**Q** 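My questions will all concern the structure given below.
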2 protein chains.
Amino acid sequence: MVKTLRESAKEMTAAATARLRHAGLRPTRQRVELASLLFKTCDRHVTAESLHDEVSDAGVKVSLATVYNTLHQFTQAGLLRQVIVDSSRSYFDTNTGDHQHFFLESEGMLIDIPGETIAVAGVPAPPPGLAVDRVDVVVRVRRS
Amino acid sequence: MVKTLRESAKEMTAAATARLRHAGLRPTRQRVELASLLFKTCDRHVTAESLHDEVSDAGVKVSLATVYNTLHQFTQAGLLRQVIVDSSRSYFDTNTGDHQHFFLESEGMLIDIPGETIAVAGVPAPPPGLAVDRVDVVVRVRRS
DNA sequence: CAACGGGATTAGAACGATTCTAAACTATGA
DNA sequence: TCATAGTTTAGAATCGTTCTAATCCCGTTG
C-alpha cells in the first residue's frame with residue numbers, strides 16, 4: 001500500500017496527538033507541530049532556538065516563548081531530557097533513556113553514547129543529607 | 001616566631017605576585033587581590049559574582065568586568081579550571097588537577113571528588129575526525 | 001451547535017549573566 | 001622620569017531565557 005504525503009502527515013499528527021494526550025498535555029496546534037518534528041526521527045538534540053528555526057522554516061508560526069514553554073513541559077512530562085554541557089545554552093534530548101554524550105563544543109553538537117557502553121565505578125557516597133540524583137558523563141571532543 | 005597580620009598579608013601578596021609572574025600575568029593590584037583570595041585556602045569553587053561579592057566585602061574595589069576578565073585569564077593560564085554543571089552560571093575551580101564533582105543544584109554547591117576515586121570505563125572511540133579532550137563526570141545530588 | 005471557562009499562546013518587556021567599548025589608568029623597561 | 005603597551009572601568013550592549021498581561025482556542029456543557 002502506498003501512502004500519499006498527506007496521509008503520512010495525518011498519521012504523524014495523530015501519533016503526536018496521542019503521545020501528548022498520553023502525557024497529559026492538551027494537544028494544541030503548536031504542541032502537535034513541535035512533537036511531530038521532535039519525534040519524527042529517532043534521537044535528536046535541540047536547543048530552543050534551533051527548534052524554533054526549524055519549525056519556522058517549515059512555515060509554521062510558533063513563538064519562541066511557546067518553544068521554551070513546550071520544551072520544559074515535554075521535559076517535565078518525561079518526553080525529553082535536558083542535557084547540561086554548555087554554560088550558555090540548554091540542550092534537549094529526545095532520548096530519555098540512560099545514556100551519555102560526546103560534546104563538540106565548537107559546533108554545539110551532541111552525540112549519544114548508549115547507556116551500557118560507559119561504566120562509572122567508584123562514585124563515593126555523597127556527604128550526609130545528600131542523595132545521588134544521577135551521574136552525568138560528558139566526553140568533550142574537538143576536531144583533530 | 002610570631003607573625004603579625006600585616007606580615008602575613010605581605011607574604012600572601014608576595015606569593016600571589018610570584019604566582020602571577022610565573023603564569024606570565026602582570027601582577028596588577030586587582031589580580032593580586034583576586035589571586036590572594038582564590039589561592040589562600042586549598043580548593044575553592046567560585047562564580048564571577050560570588051568572587052566579586054567576596055572581594056567587595058573585603059573592602060577592595062574591583063569591577064565585575066575585571067573579575068570576569070581575571071577568571072578567564074587565570075583559566076587560560078592554567079591557574080583555574082572552568083566547571084560546567086549549570087546552564088546559567090559558570091563556576092571556576094582552584095583545583096586544576098584530575099577530579100570530578102558532586103553538584104547540589106538547589107544551592108549551587110560543588111564538592112570535589114578526587115580523581116582516583118571515580119573510574120570511567122568503556123568510553124568509545126569518538127567519531128572519525130574527533131579526539132577526546134576530556135571526560136567530565138558530574139554526580140548530581142539533592143537534599144534527602 | 002453555541003457558549004463558556006480555564007489552559008495555552010503571544011508580543012514585547014524584563015531579566016540575569018556575560019561581554020563589549022572606549023576612555024582613564026598603571027606597571028614596566030628604557 | 002617617560003613612554004607605551006597592557007589593564008581596569010563604568011556603562012552600554014548582547015544573549016539566552018523568563019515574565020506579563022492580553023488574546024486565543026480546546027474541550028465540555030447545556
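Lettering follows sequence order; numbering is per chain, from 1. Predicted model only: the values in this text are computed from it and were never measured.
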**Q** So which atom in B:Ser87 and which in A:Ile84 form the shortest heavy-atom distance, rounded to 0.1 Å?
**A** N-CG2, 4.0 Å

**Q** Tell me, which pairs form a side chain to side chain donor-acceptor pair (under 3.5 Å) where one or both residues lie in residues 126-135 of chain A, sequence neighbours left out?
**A**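 Only A:Asp133-B:Arg142, A:Arg134-A:Asp136 qualify under side chain to side chain donor-acceptor pair (under 3.5 Å).
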
**Q** Taking side chain to side chain donor-acceptor pair (under 3.5 Å) as the definition, give me every residue that meets it alongside A:Asp43, ordered by chain and number, with sequence neighbours left out.
**A**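 Applying side chain to side chain donor-acceptor pair (under 3.5 Å) to A:Asp43 gives A:Asn95.
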
**Q** Kindly write out the residues that satisfy side chain to side chain donor-acceptor pair (under 3.5 Å) with B:Asp86, not counting sequence neighbours, or none if the list is empty.
**A** B:Ser88

**Q** Could you name each residue pair satisfying side chain to side chain donor-acceptor pair (under 3.5 Å) that touches residues 22-37 of chain A, not counting sequence neighbours?
**A** A:Arg31-A:Gln73

**Q** Only counting residues at least two apart or in another chain, list the ones meeting side chain to side chain donor-acceptor pair (under 3.5 Å) with B:Asp98.
**A**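 In terms of side chain to side chain donor-acceptor pair (under 3.5 Å), with neighbours along the sequence ignored, B:Asp98 is linked to no residue.
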
**Q** With hydrophobic residues grouped by side-chain heavy-atom distances under 4.5 Å, do B:Val120 and B:Val132 end up in a single group?
**A** yes

**Q** Mind calculating the distance between CG (B:Asn69) and C1' (D:dA10) to the nearest angstrom?
**A**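 Those two atoms, CG and C1', are 13 Å apart.
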
**Q** Going by the rule side chain to side chain donor-acceptor pair (under 3.5 Å), which residues pair with B:Thr96 if we only count those two or more places apart in sequence or in a different chain?
**A** none

**Q** Provide the full list of salt bridge (Lys or Arg N to Asp or Glu O under 4.0 Å) pairs with a residue in residues 105-125 of chain A, sequence neighbours left out, each pair given once.
**A** A:Glu107-A:Arg143

**Q** Distance check, rounded to the nearest 0.5 Å: B:Arg140 atom CZ versus B:Phe102 atom CZ?
**A**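 CZ of B:Phe102 is found 13.0 Å from CZ of B:Arg140.
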
**Q** Using a cut-off of under 3.5 Å, enumerate the N/O to N/O pairs linking the protein to nucleotides 24-28 of chain D.
**A**
residue	atom	partner	partner atom	Å
D:dG27	OP1	A:Arg21	NH2	2.5

**Q** Walking along DNA chain C from 5' to 3', note the first and the last nucleotide with an atom under 4.0 Å from a heavy atom of chain A, and give both.
**A**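 Here the contact window of chain A covers C:dG6 to C:dA11.
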
**Q** Which parts of residues 71-96 of chain B get close to DNA chain D, meaning a heavy atom less than 4.0 angstrom away?
**A**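 DNA chain D contact set from residues 71-96 of chain B: none.
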
**Q** Working to the nearest 0.5 angstrom, can you tell me the gap between B:Leu34 CG and B:Leu71 CG?
**A**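 It is 7.5 Å, given to the nearest 0.5 Å.
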
**Q** By the ring-ring contact (aromatic ring centres under 6.0 Å, His included) test, which pairs, at least two apart or in different chains, include something from residues 40-85 of chain A?
**A**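 As it turns out, the ring-ring contact (aromatic ring centres under 6.0 Å, His included) pairs with a partner in residues 40-85 of chain A, which skip direct neighbours, are A:His45-A:His101, A:His72-A:Phe92.
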
**Q** In residues 60-68 of chain B, which ones come under 4.0 Å of DNA chain D, going by heavy atoms?
**A**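 Contacting residues: B:Lys61, B:Val62, B:Ser63, B:Ala65, B:Thr66.
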
